[in-house]
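Atoms considered below: every heavy atom in the structure, side chains included; atoms not considered: hydrogens, waters and symmetry mates. We name chains A, B, ... by the order of the sequence lines, and we start the count at 1 in each one.
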Protein chains: 4
Amino acid sequence: MPRPSRWPEVMAAAAKVFRAKGYHAATLEDVADEVGMLKGSLYNYITSKEELLFAVVRPPAEQLLEQTRALVAAEGTAPGKVVAIARVHAGVLAEHFVYAAVYVHEIAGMGRYPEWAAMDHEYVELVRAVLAAGVAEGSLRDDLDVRTAGHVLIGSLNWLTRWWDPDGPASAEEMADRVSATFLDGSRSRPAR
Amino acid sequence: MPRPSRWPEVMAAAAKVFRAKGYHAATLEDVADEVGMLKGSLYNYITSKEELLFAVVRPPAEQLLEQTRALVAAEGTAPGKVVAIARVHAGVLAEHFVYAAVYVHEIAGMGRYPEWAAMDHEYVELVRAVLAAGVAEGSLRDDLDVRTAGHVLIGSLNWLTRWWDPDGPASAEEMADRVSATFLDGSRSRPAR
Amino acid sequence: MPRPSRWPEVMAAAAKVFRAKGYHAATLEDVADEVGMLKGSLYNYITSKEELLFAVVRPPAEQLLEQTRALVAAEGTAPGKVVAIARVHAGVLAEHFVYAAVYVHEIAGMGRYPEWAAMDHEYVELVRAVLAAGVAEGSLRDDLDVRTAGHVLIGSLNWLTRWWDPDGPASAEEMADRVSATFLDGSRSRPAR
Amino acid sequence: MPRPSRWPEVMAAAAKVFRAKGYHAATLEDVADEVGMLKGSLYNYITSKEELLFAVVRPPAEQLLEQTRALVAAEGTAPGKVVAIARVHAGVLAEHFVYAAVYVHEIAGMGRYPEWAAMDHEYVELVRAVLAAGVAEGSLRDDLDVRTAGHVLIGSLNWLTRWWDPDGPASAEEMADRVSATFLDGSRSRPAR
DNA sequence: AATGAATGAGGCTTCATTCAT
DNA sequence: TATGAATGAAGCCTCATTCAT
């Protein structure tokens, strides 16, 4: 679909409104008001409300997947990749915050939209593959339950959308490092030896 | 409010439907169909759709808060309390799975319903207090960012609603132990010594 | 679909409005106004506007087809059956005038609704079969083009919806007899012999 | 009104679309797509959708009326004129098929557009006048109901738009002759004498 | 407590029409 | 003449809610 010129404004408005009210509670009139046009005019840009949701949610989803694919394929050990995963994840959240928040809220792990299940599943599998490789290579604990651990990592990162302000004092990289450090090394103090 | 006799069925149906479709996308007719009555009849039990949401969401929220309050107040060190927090959290999820999933999806960390902000906030504070005490007492790393760590723990646990099947092979206690173990000790293998 | 009690009123209103304005130009609000309810309330009776069209149009269509089937299957020669066809056709028009007018205007021979094509086609075939039998048995001209003649008869009868007032002086039977007489014997005067 | 250069294309597209979907169901965007321009551009050619309908419908209507007026005014007996009427009618249909189909469907005998009532009425009157003259002169049966017979003839001819393919094997003249033959002499076989 | 039926508000979507370029 | 984009009105449909029975 060729997009008229105010498409970025429409997307930004939609993401903002969807994040603030949730996709279902948000109305296209809310979105149109935010852009400064009438709700009917939105249909120069979209075909349906759901298409707008997908348009909003696609950039972070694709970026996350592409960057994660690349990082997983690269050389390196599991702990390094876990840090990289967290940085990519937090980086995407920061860059597309409201868009990503919509993704996390409406789609991730929810199985509600078949169109997105494959993408969603692939990401989980990529993370899991890293962890499994870490166990195999000995860099991660051999008693690690890889499935659970993957979801713990992803969950911690996705949960950032509920409390982290990417424009606040903590940068995406700092957040990523804190989350991945806790994931890798835990929060318990080590007996000095 | 004295509730007529089919109240538990109504609650269960509402939780099921809210979880499956999300609160906003779910209709009272969906709920009524699930119970086997007409939608108008639901108003013998409720005053509004939102009240039904709150009714669904209250049991897990209250139980989580009460049990966590108790556990925080009890004797013990932070690591032990972290395990206990995870067990309580996973236990509440397991016991009220669909109800809790609705809470997590619609309310936790979302700031959408002022009525629930206080409860939601208190829980976060309780967890944070445990972690802060752990740092103070030396059982947790002194470089731990307590706010982030609290959200990491809570996020990992809440994220269970998106992938864990409480009726599957992994019990609530097992899940809690895996999550808390990762949180406390990390996933990195320790050099054997 | 179980129909609430004012269903006949709804049908009558819909037929009236569809006939007056045409299906597409008619609005459900027109129909609702005619019944004396709000447009949303119509959805206690129907699932969509198109379903209402089909509901309106089904009774005359089915009655016409059933009665015509019976008459075709009965004993008799073609000319007698032509008269009977005309009487059935005009009778159905008279009994369900507005409904039938909607059928004729929106559906007959139009191929717009696949759901109705079979019914529509069967009727044409029944008429044609009578004419073909008439040619075979010698009661109709052997140079008759049966396809054309069938459509001429049906067209003359359907065209009644554009000018005949079934509540006017000419009864359905009279109309049928005039139309079938012209069809059978023509309008030319015969040389007295 | 001076018409820009692609006016014939616009008319043809409109006729095609109006015939396929019906005037109300057709959108100006459908028409514009058919022409290969944007819907807004149509307003270089027209002032309103209804004007487009009238433009489409005028050529066959005027041609039919003019030719029929001429033929009625000419010398001759009623039977000959009936044949001529049918030939003119079928000829106009063939020449402007989709345009004429739109006329028949949207306007003929429908009384929906006051602008067209006079034209429509005049045609009916012309046909009726021929039949009445035939009765008076003795060439048509003296028991003929002229009003009904006129509508039968016109209806049979208009109904051609629902089933006849003017590009098929039967020419307009053949169709006209079959229809008028049936109208004049009927379909019943005459006892050989 | 439940039903059947209605209300009324509001949401999504369509579309004829306008207008600056 | 055509485009791109917008307007504004209206239409279909949904749904929380009410109410008489």
Quiz item: Near C:K16 NZ, under 6.0 Å, is it more than 12 heavy atoms from other residues, nucleotides or ligands?
Solution: no
Quiz item: Do the side-chain N and O atoms of C:N44 and C:S41 include a donor-acceptor pair separated by under 3.5 angstrom?
Solution: no
Practice problem: Can you tell me the distance, in whole Å, between the CG atom of A:D33 and the C1' atom of E:dG11? | Solution: 13 Å
Quiz item: Between atom NZ in D:K49 and atom P in E:dT14, what is the gap in whole Å?
Solution: 15 Å
Quiz item: OP1, OP2 of E:dG4 versus side-chain N and O of C:R6: anything below 4.0 Å?
Solution: no
Quiz prompt | Distance, rounded to the nearest Å, where D:D30 contributes CG and E:dA16 contributes C1' | solution = 13 Å
Exercise. Starting from Watson-Crick (N1-N3 plus N6-O4 or O6-N4) and G-U wobble pairs under 3.5 Å, report the runs of at least three that DNA chain E belongs to.
Key: E:2-21 with F:2-21
Self-check item: Between C1' of E:dT18 and CD1 of D:I46, the distance in whole Å
Solution: 13 Å
Exercise. Side-chain contact test, heavy atoms from C-beta onward, threshold under 4.5 Å: evaluate it for C:V92 versus C:H96 and give yes or no.
Key: yes
Quiz item: With a non-hydrogen cut-off below 4.0 angstrom, is C:L28 in contact with a base, only sugar-phosphate, or nothing?
Solution: sugar-phosphate
Quiz item: Between D:M119 and D:L65, is a side-chain contact (heavy atoms from CB on, under 4.5 Å) present by the stated rule, with each step listed?
Solution: CA-CA 8 Å; D:M119 228 168 156; D:L65 205 49; 3.3 Å; yes
Quiz prompt | Residue pair A:R112 / B:R19: nearest heavy atoms and the distance that separates them | solution = NH1-O, 3.4 Å
Exercise. Respond yes when some side-chain nitrogen or oxygen of C:S48 is under 4.0 Å from OP1 or OP2 of F:dC12, and no when none is.
Key: no
Practice problem: Take atom CD of A:E29 and atom P of E:dT13, then tell me their distance rounded to the nearest Å. | Solution: 14 Å
Quiz item: Rounded to whole angstrom units, what separation is found between the OH atom of A:Y45 and the C1' atom of E:dT13?
Solution: 17 Å
Quiz item: Would you say A:S5 reaches F:dG4's phosphate, i.e. side-chain N/O to OP1/OP2 under 4.0 Å?
Solution: no
Self-check item: Closest-nucleotide 5' rank along DNA chain E - winner of D:Y43 and A:A26
Solution: A:A26
Quiz item: Below 3.5 Å, does any donor atom in the side chain of B:N44 face an acceptor in the base of E:dA2, or the other way round?
Solution: yes
Quiz item: When the nearest nucleotide of DNA chain F is assigned to D:K39 and to B:E50 on a heavy-atom basis, which residue is associated with the more 5' position?
Solution: D:K39
Quiz item: How are the rings of B:F54 and B:Y113 set relative to one another: parallel (under 30°), tilted (30 to 60°) or perpendicular (over 60°)?
Solution: perpendicular
Exercise. Check the distance between F:dC12's P and D:H24's NE2 and give it to me in whole angstrom.
Key: 12 Å
Quiz prompt | Options E:dG11, F:dA2, F:dC15, nucleotide nearest the side-chain atoms of D:M37 | solution = F:dA2
Practice problem: Return the orientation label for the D:F18 and D:Y23 ring planes: parallel under 30°, perpendicular over 60°, tilted otherwise. | Solution: perpendicular
Exercise. On DNA chain E, check which nucleotide each of B:S41 and D:G40 is closest to and give me the residue with the more 5' one.
Key: B:S41
Practice problem: Report the distance from atom CG of A:L38 to atom P of F:dA9, rounded to the nearest whole Å. | Solution: 9 Å
